[in-house]
Amino acid sequence: MEAKVGKFFDSVTNFFSGSDQLPWCDADIIAGCEKEAAEANGSDESKNECLSRFSWALVHSRRTEDIERGIAMLEASIASTTDPLKMREKLYLLAVGHFRRGDYSRSRELVEQCLMIEPEWRQAQSLKKAIEDRITKDGVIGIGIAVSAAGLIAGGIAAALSRKK
């Protein structure tokens with residue numbers, strides 16, 4: 001029983017804190033990846049790997065500017081991607097970027113495209129669940145705000161009517 005109560009309180013805490021399981025990336029790692037990408041010499045494959053790490057770091061940043069930059073890099077490179085696994089990775093990173101930016105509907109579209117390529121991919125399934133949880137949370141908060149506003153208006157009307165009498 002105690003374990004069930006603990007799980008309940010953990011789920012309520014996670015609901016209101018908005019926590020997700022996606023990693024964050026700090027400025028030092030982003031700077032290192034950017035330097036590595038700028039200095040990349042050799043094969044196209046090597047350069048693409050450096051750019052992939054850099055875009056991963058950008059979309060996992062806490063800074064909106066970095067996330068936007070990562071999204072732009074990924075969108076620019078996606079048209080030339082023919083390998084399904086690389087396409088899946090780029091779509092996933094785009095979904096992460098849009099999720100971090102708060103564009104949950106676009107993020108859900110992209111993660112569903114990932115799952116069309118690889119239906120059993122656990123990372124994409126976890127992201128999809130995080131997106132759906134966030135959409136649910138935002139909906140519940142929105143309903144709560146609307147109900148509170150309606151209650152305040154009704155209370156104001158009731159107070160005004162009671163003063164007239």
Heavy-atom closest pair (Ala95 atom, Leu127 atom, distance to 0.1 Å) is CB-CD2, 3.7 Å
Would Ile71 and Leu93 show up in the same hydrophobic cluster when neighbours are defined by side-chain heavy atoms closer than 4.5 Å?
-> yes
Under a 4.5 Å cut-off applied to non-hydrogen side-chain atoms, are Ser77 and Lys90 in contact?
-> yes
Looking only at non-hydrogen atoms, find the nearest pair between Cys50 and Ala37 and report the distance.
-> CB-CA, 3.9 Å
Same apolar cluster (I L V M F W Y, side chains within < 4.5 Å links), Tyr104/Leu115 | no
Are Glu68 and Thr64 close enough that some pair of their side-chain heavy atoms sits under 4.5 Å apart?
-> yes
Between Arg106 and Asp103, is there a salt bridge with N-O shorter than 4.0 Å?
-> no
In Å and rounded to the nearest 0.5 Å, what is the CD1 to OH distance from Ile117 to Tyr92?
-> 14.0 Å
Side chains of Cys33 and Trp56: does their closest heavy-atom pair fall under 4.5 Å?
-> no
Check whether more than 12 heavy atoms from other residues, nucleotides or ligands sit under 6.0 Å from atom NZ of Lys47, and answer yes or no.
-> yes
Would you give the length of the straight line joining atom CD of Glu34 to atom CD of Glu39, rounded to the nearest 0.5 angstrom?
-> 11.0 Å
Check: Asp133 side chain, Thr136 main-chain N or O, donor-acceptor pair, under 3.5 Å | no
Closest heavy-atom pair, Phe99 versus Ser107, reported as atoms and distance to 0.1 Å, is CB-OG, 3.5 Å
Is Met73 reachable from Leu94 through a run of hydrophobic residues whose side-chain heavy atoms are each under 4.5 Å from the next?
-> no
Leu91 and Ile78, any side-chain heavy atoms less than 4.5 Å apart | yes
Are any non-hydrogen side-chain atoms of Leu22 and Arg100 less than 4.5 angstrom apart?
-> yes
Under a 4.5 Å cut-off applied to non-hydrogen side-chain atoms, are Glu120 and Gln125 in contact?
-> yes
Output the distance between atom CZ (Arg122) and atom NZ (Lys129), rounded to the nearest 0.5 Å.
-> 13.0 Å
Check the hydrophobic clustering (I, L, V, M, F, W, Y; side-chain heavy atoms under 4.5 Å; chains of links allowed) and say if Leu110 and Met87 are grouped together.
-> yes
Find the distance between CH2 (Trp121) and CE (Met116) and round it off to the nearest 0.5 Å.
-> 15.0 Å
Do Arg69 and Glu65 have side chains that get closer than 4.5 Å, going by heavy atoms?
-> no
When rounded to the nearest 0.5 angstrom, what distance separates SG in Cys25 from CG in Asp66?
-> 8.5 Å
About how many Å separate NZ of Lys128 and CD of Glu112, when rounded to the nearest 0.5 Å?
-> 4.5 Å
Stepwise side-chain contact (heavy atoms from CB on, under 4.5 Å) check, Lys86 with Asn48 = CA-CA 10 Å; Lys86 290 186 191 235; Asn48 286 336; 5.5 Å; no
Ile29, Val59: one ILVMFWY side-chain cluster at the under-4.5 Å cut-off?
-> no
Heavy-atom side-chain proximity of Ile30 to Phe54 below 4.5 angstrom = yes
I would like to know whether Asp83 and Arg88 meet side-chain contact (heavy atoms from CB on, under 4.5 Å); could you show each step before the answer?
-> CA-CA 9 Å; Asp83 179 17; Arg88 177 193 80 166; over 6 Å; no
